[in-house]
Amino acid sequence: MGFCDLLGFLFVSYCVRQRSAVKKPPEKFQMEFQWSHINFTWPSVDAYHNAVLESKYIPENNAMAGIKYFNNRMYIALPRIRTGTPVTLAYVPINARLKTNVLLRPYPSWEMNAQPNNCSTLQNVQSMEIDKYGVMWILDGVRINNLTRCPPKIVLMDLRNNGKILQSHNVPNEICLHQGGFLNDLVVDESDGGFAYITDNSIQDPGIIVYSRHQNRSWKFRDASMFGELDAAEFEVDGVPNDILIPVDGITMAPMPLRRNEDRLVYYCALSGFSIYAISSQILRDEAICKSGIWRSEVEMVGRKQSQSDGLAMDNKGNLYYGMLSMYGVGKWNIKKPFNTARKVDTSRRTFVWPDSFSFDLNGNLYILTNGINKYFSPTYELRLSTDIKFRILRLTTGTKSYLYS
Ligand SMILES: *[C@@H]1O[C@H](CO)[C@@H](O)[C@H](O)[C@H]1NC(C)=O
Ligand SMILES: *[C@@H]1O[C@H](CO)[C@@H](O)[C@H](O)[C@H]1NC(C)=O
Ligand SMILES: *[C@@H]1O[C@H](CO)[C@@H](O)[C@H](O)[C@H]1NC(C)=O
Ligand SMILES: *[C@@H]1O[C@H](CO)[C@@H](O)[C@H](O)[C@H]1NC(C)=O
């Protein structure tokens, strides 16, 4: 029996207020890291000065996109959108004491990051996923500019063995355009030897690419649901307008179903779009079904979000988190409930400038990267080196882990 029960009706209204206050802790993201510009742990002072002199490092042109936590490190993908970007994959120690402008450490090494057109090294990475075994599945597939001539590839690195490459798959031109393709985001499914479900954000040939680790093969699903929607085409984020139809981008996956024969759904959305779609992972894993085209009737429209989104994320309780680009916030929907129960978790005009990539750690925290990436893609936007904060990694305690831990 608690204090309120003992005092009975006299204190009813007081006690009710107390209880509801306890029930609803405020969901607010806290600042974990922030940057006004990106800089690295250079091998030497000379190396730094040469990189600046030769325009191999132009600080204001560097941007971060994908984030994934593993073993006390936050790994960060740095897509090469502009010139002067020396590193495309790096990390920061999560316990770094400095929270502002912490230097990024190239991963697995400088050599694997700084060799343009050496196709056995990383060329242009947008994002990655890290499975339960510490294998990082890397999308080296930003091929929308001429910063590399290497084919797009999917690289599996063992984080528990200094980033040793376990497997590398060059995606054929019919699956991802070698000039114009854009491997954007992925989820990893551990069934049948391991699969990655990947969005190809290419304007010319958007779709969902499936990669089988066991078969070392890829195939592609193309559907109208993967194109942008006209009514969502025009929006503005931080004064930079967007008016082109940007296709499929965010992707995530339901936790493991309780019954084995139940479908495990993969969710996706076009960037210029409000709709979220779902398709069974069993269908995606079947290359023969993909070729047949009969799968299209299985695509399900599950709901309409309040805003356009970039990244999506799912925890092991079925909570789907999505960025709200034009509303400067993050939304959340539990996939077991109707979509109209979706709600805003947190918003801030100042900090949620283009919520992009999400990551969970193993201690019940959700991280989000906000990066104003639309400015880097806008050819007329003039980037400037200044003390204004451009990138933030924010943290929210959810008490859950990612869909991988289900
Ligand atoms: C980058 O970091 C190096 C130290 O690694 C430092 O000497 C240099 O001034 C920094 N440059 C910028 C632009 O922050
Ligand atoms: C490409 O990079 C790898 C890894 O650093 C290196 O072993 C190899 O010699 C490089 N190839 C060329 C042609 O430079
Ligand atoms: C890349 O180079 C090719 C051939 O040189 C050219 O046709 C194409 O327009 C270039 N693309 C970009 C984005 O610069
Ligand atoms: C996987 O396929 C690539 C070609 O994309 C090939 O170079 C590589 O050797 C294959 N890896 C394995 C482990 O079979």
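Both ligands and their constituent atoms are indexed starting at 1 by order of listing.
In this structure, CE on M128 lies 15.0 Å from CH2 on W137, to the nearest 0.5 angstrom. Interatomic distance, F227 CZ to I203 CD1, rounded to the nearest 0.5 Å: 10.0 Å.
Annotation: atom 5 (O) of ligand 1 to nearest protein heavy atom, F40 O, 3.3 Å. Given atom 7 (O) of ligand 4, the protein heavy atom at minimum distance is S168 O, 4.4 Å. Of all protein heavy atoms, the one closest to atom 14 (O) of ligand 1 is H37 NE2, 2.8 Å. For atom 13 (C) of ligand 2, the closest non-hydrogen atom on the protein side is N118 ND2, 4.5 Å. Nearest non-hydrogen protein atom to atom 1 (C) of ligand 1 is N39 ND2, 1.5 Å.
For ligand 2, the atoms sitting less than 4.0 Å from at least one non-hydrogen atom of S120 are 1 (C), 2 (O), 3 (C), numbered in the order shown with element in parentheses.
In this structure, K375 does not pair ionically with E60, as no charged nitrogen and carboxylate oxygen lie closer than 4.0 Å.
At a 4.0 Å heavy-atom cut-off, ligand 1 does not touch V45 at all.
For T199 and N201, the side-chain atoms include no donor-acceptor pair closer than 3.5 Å. When only modelled atom types and interatomic distance are considered, T85 and N62 share no side-chain donor-acceptor pair under 3.5 Å.
With N146 contributing its side chain and R149 its backbone, the two residues share no donor-acceptor pair below 3.5 Å.
Where the criterion is an N or O separation shorter than 3.5 Å, residue side chain and backbone included, N216 meets it with respect to ligand 4. Of the polar atoms of T41, none of the N or O atoms is found under 3.5 Å from an N or O of ligand 1, judged by distance alone. Taking any N or O of E111, backbone or side chain, none lies under 3.5 Å from an N or O belonging to ligand 2.
Residue E262 is tested with R259, R264, R260 for a salt bridge (Lys or Arg N to Asp or Glu O under 4.0 Å); the sole match is R259.
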